[in-house]
> 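Just passing along the structure, written as structure tokens.
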Amino acid sequence: MESLARGGTRWKRFAVVMVPSVAATAAIGVAIAQGALAASFSVSGQQFKVTASELDGDGFVQYGALDKGKNGQHPVAVVGMNSAQITNLCQSVVVPVPIFGDVTMQLKAGGKGGPRVEAKKLYIDADDLQTNATFTNVDIGVSVDSTTKGPGPAKPGEGGQGSYLPNSFAQQAEKVHFEDVKQRAWATTAGTFKLSGLHMNVSRGKNECY
């Protein structure tokens, strides 16, 4: 069966947050591309924004969790996918620099006409999403510890930074398709992340993806 959802979504409604992102710093971006990102870390306290024209994922699970950072805890929707392909990926983070002002780092990959971005064993921790979404063979309300269609809740050393409540609400699907995506996230981890046509740009001021 297929389920179609359109419009904005929010954490309190357990939104499906599905857009994989490039990492929030250049060093992390390189580590993801090499499949070498550490699986456990405290979030920075800075969110980053992501856009994509299309995303196709196989094996998906989504559940609520709390990300921990030096400035407190952040409620997030954690999404796990066995694999994903993304077209026109853009990720940006704004870093306030004392005296100098805001600096934006923006990364782009998988542009139309070229190879798509590819990710495996992907986890995304985010709290806001706007997209058009199609789910194939979706189950809503399953226990997070009983999910079978995706990679399941992240275990220590497997990615996904948030702590979750055992046997809490989750949803899963065999396949997902997203179009015109805008997302705000706290963290992303992946077993491998192939960024075809990667381009990074650093500029003064706020020059976010959206």
Side-chain angles (χ1 to χ4, degrees), residues 3-25 28-29 32 37 43-67 69 74-95 104-112 116-135 138 150-151 154 159-162 170-171 173 175-190 193 195 198 200 206-210:
S3 172
L4 180 65
R6 298 184 183 275
T9 58
R10 294 186 182 280
W11 152 258
K12 292 182 179 179
R13 298 179 183 177
F14 277 91
V16 179
V17 182
M18 289 296 302
V19 184
S21 69
V22 185
T25 67
I28 294 180
I32 286 179
L37 182 64
V43 296
S44 69
Q46 283 185 283
Q47 293 173 302
F48 52 96
K49 292 183 176 180
V50 182
T51 61
S53 58
E54 291 186 341
L55 178 147
D56 292 290
D58 288 322
F60 139 78
V61 63
Q62 181 254 325
Y63 55 92
L66 286 174
D67 275 4
H74 311 284
V76 295
V78 178
V79 166
M81 284 183 288
N82 289 329
S83 63
Q85 293 186 326
I86 310 104
T87 302
N88 282 340
L89 178 67
C90 175
Q91 180 261 315
S92 62
V93 60
V94 177
V95 180
T104 300
M105 189 188 71
Q106 187 179 101
L107 297 96
K108 294 183 177 181
K112 285 187 176 180
R116 304 178 78 186
V117 171
E118 298 179 3
K120 293 182 179 180
K121 195 112 184 206
L122 180 72
Y123 288 93
I124 313 107
D125 299 10
D127 64 5
D128 190 73
L129 170 74
Q130 299 176 58
T131 188
N132 298 319
T134 302
F135 305 85
V138 61
Q161 307 317 310
Q171 56 187 21
K175 294 180 181 294
V176 293
H177 176 74
F178 291 83
E179 297 179 353
D180 301 324
V181 186
K182 296 179 181 179
Q183 176 194 280
R184 185 178 63 203
W186 288 98
T188 295
T189 61
F193 215 142
L195 306 173
L198 175 64
M200 183 187 74
K206 291 184 177 181
N207 304 295
E208 298 176 281
C209 296
Y210 73 93

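These numbers come from the heavy atoms of this one structure, side chains and all, not from hydrogens, waters or symmetry mates.
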> Determine whether a donor-acceptor pair (N or O, by modelled atom type, separation under 3.5 Å) exists between the side chain of Thr131 and the backbone of Ala133.
no
> Using the side chain to side chain contact (heavy atoms under 4.5 Å, CB included) criterion, which residues pair with Asn207? Sequence neighbours excluded.
Thr104, Ser203
> Going by salt bridge (charged side-chain N to carboxylate O under 4.0 Å, His left out), name the pairs with one or both residues in residues 74-89, residues two or more places apart or in two chains.
none
> For His177, which residues count as a ring pair (Phe, Tyr, Trp, His ring centres under 6.0 Å) partner, sequence neighbours excluded?
none
> Looking at CZ of Arg184 and CD of Glu208, how far apart are the two atoms once the value is rounded to the nearest 0.5 Å?
10.5 Å
> Which residues satisfy the side chain to side chain contact (heavy atoms under 4.5 Å, CB included) test with Gln106, sequence neighbours excluded?
Cys90, Ser92, Lys108, Cys209
> Can you give me the closest heavy-atom contact between Pro151 and Gly59, atom names plus distance?
CD-O, 3.7 Å
> Hey, could you give me the NZ/CZ distance between Lys120 and Phe193, rounded to the nearest 0.5 Å?
13.5 Å
> Can you say whether the rings of Phe135 and Phe178 are parallel (under 30°), tilted (30 to 60°) or perpendicular (over 60°)?
perpendicular
> Restricting to non-hydrogen atoms, name the atom on Val50 and the atom on Tyr210 that form the minimum distance, rounded to 0.1 Å.
O-CE2, 3.8 Å
> Enter the distance from Gln183:CD to Thr188:OG1 here, rounded to the nearest 0.5 Å.
6.5 Å
> What pairs with Asp58 under side-chain hydrogen bond (donor to acceptor under 3.5 Å, both in side chains), at least two apart in sequence or on another chain?
Lys175
> Say you draw a straight line from OG1 of Thr189 to CG of Asp125; how long is it, rounded to the nearest 0.5 Å?
7.0 Å
> Working note: Met200 + Met105, criterion side chain to side chain contact (heavy atoms under 4.5 Å, CB included); need CA distance, chi angles, decisive distance, verdict.
CA-CA 7 Å; Met200 183 187 74; Met105 189 188 71; 3.6 Å; yes
> If you look only at distance, which donor and acceptor atoms sit under 3.5 Å apart when one is on a side chain in residues 77-87 and the other is two or more places apart or in another chain?
| unit_1 | atom_1 | unit_2 | atom_2 | d |
| --- | --- | --- | --- | --- |
| Thr87 | OG1 | Arg116 | NE | 2.8 |
| Thr87 | OG1 | Arg116 | NH2 | 3.4 |

> Between Gly57 and Leu55, which heavy-atom pair has the shortest distance, and what is it?
N-CD2, 3.9 Å
> What heavy-atom pair brings Phe48 and Ala187 nearest, and what distance separates the two atoms?
CE2-N, 3.8 Å
> State whether a side-chain donor-acceptor pair under 3.5 Å links Asp127 with Gln47.
yes
